[in-house]
Amino acid sequence: MFPFNAASPQSTAIANLFIAIAVIAAVILLIVTITVLWAALRFRHRPGSTEPAQNSGNLPLEVTWTVIPFLLLALVAFFTVRTMRAADPPYDGATQPSVVVTGHQWWWSVDYPQAGIHTANEIHIPVGERVLFALRSADVIHSFWLPTVARKMDMIPGNEHYLWIEVDEPGVYEGTCAEFCGAQHAWMRLRLVAQSRPDYDQWLHQQAATPAPPTSDEAAAGAQLFQTRTCVNCHAIAGTAADARVGPDLTHVATRATLAGGVLTNTPENLARWLADPAAVKPGNHMPNLQLQKDEIGQLVAYLETLQ
Ligand code: CUA
């Protein structure tokens, strides 16, 4: 649980600030609670007691309880500004972003401009390297949030924001949209996969390749269906005529771990469920029900599973 599992230098800075402020606040709460309890008991009303001496206009006391909080807040402000610089290093304006993430209702497109790769809902980065992300939105305001890795960053239509991301250890880091963006805001999940340099290079190489044409008859029929039904109006598959950018790029869809912005794990059965009735899986999402027959769904699934 954050702040105890910070996975990057940036989130470690945020975690340390959080813990330091929490400790300061806890100590103050303790002092105030003990003092109030002590005063309430020690000076409680007893039979026959008279009003104690009143203490107003005490200048030394008033200065003390003004100066101590002032110093405490100045200290917190100092560490906050230092943390902001560490947690969100400024963009120099010259570096080209390696990864462009665009928020959509309700999924993420992930593009690697230099490598010419398009994918969705899953970001791969090399471990231990500082990677510049550009964040955009295709429709409404979203918020890009990988809690253990980096600060939250809003995605604003018409704007581009930049975020340096760096992860210490290989692994999968869960993320989510952190700004209410419509019916399926809760199902706008993101996976960051941090890999060693060689593994990452291999992933890049594989994602940049055009998938081989299907060999089985069923998958070939699916490929035909894909091109002739309305799939091509929204989706792209490299090496085919499909190049629309409305929905997720499907060039290597079979290599991804989840479907539909994280609602389903990516299995042939779940893919069939999704194709049969997208609204039943994720109500309100923008993928239409194509009224596919059972054998058509089988053919499309066979084809999409070849997209490795
Ligand atoms: Cu996108 Cu909430």
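Just so it is clear, the model here is predicted, and its values are computed rather than measured. Read the numbers this way: they start at 1 and go in the same order the structure lists the ligands and their atoms.
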Considering only NZ, NE, NH1 and NH2 on the basic side and carboxylate oxygens on the acidic side, decide whether Glu160 and Arg136 come within less than 4.0 Å.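 Salt bridge: yes.
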Regarding Thr251 and Gln207, do their side chains bring together a donor and an acceptor under 3.5 Å, going by distance alone?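 No, because no side-chain N or O of Thr251 sits under 3.5 Å from a partner of the opposite role on Gln207.
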If only protein N, O or S atoms under 2.8 Å count, total around atom 2 (Cu) of ligand 1: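 Excluding waters, the total comes to 4.
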Begin from the C-alpha positions of Asp139 and His142 and carry the test side chain to side chain donor-acceptor pair (under 3.5 Å) through to its verdict. CA-CA 9 Å; Asp139 36 46; His142 302 274; 2.7 Å; yes
Does the ring center of Phe43 lie less than 6.0 Å from the ring center of Trp38?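 Yes.
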Ring centres under 6.0 Å, that's the criterion: do Trp203 and Tyr112 meet it?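 Under 6.0 Å, so yes.
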Could you label the plane-to-plane angle of the Phe226 and His235 rings as parallel, tilted or perpendicular, counting under 30° as parallel and over 60° as perpendicular?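 The arrangement is tilted - the two ring planes meet at 30° to 60°.
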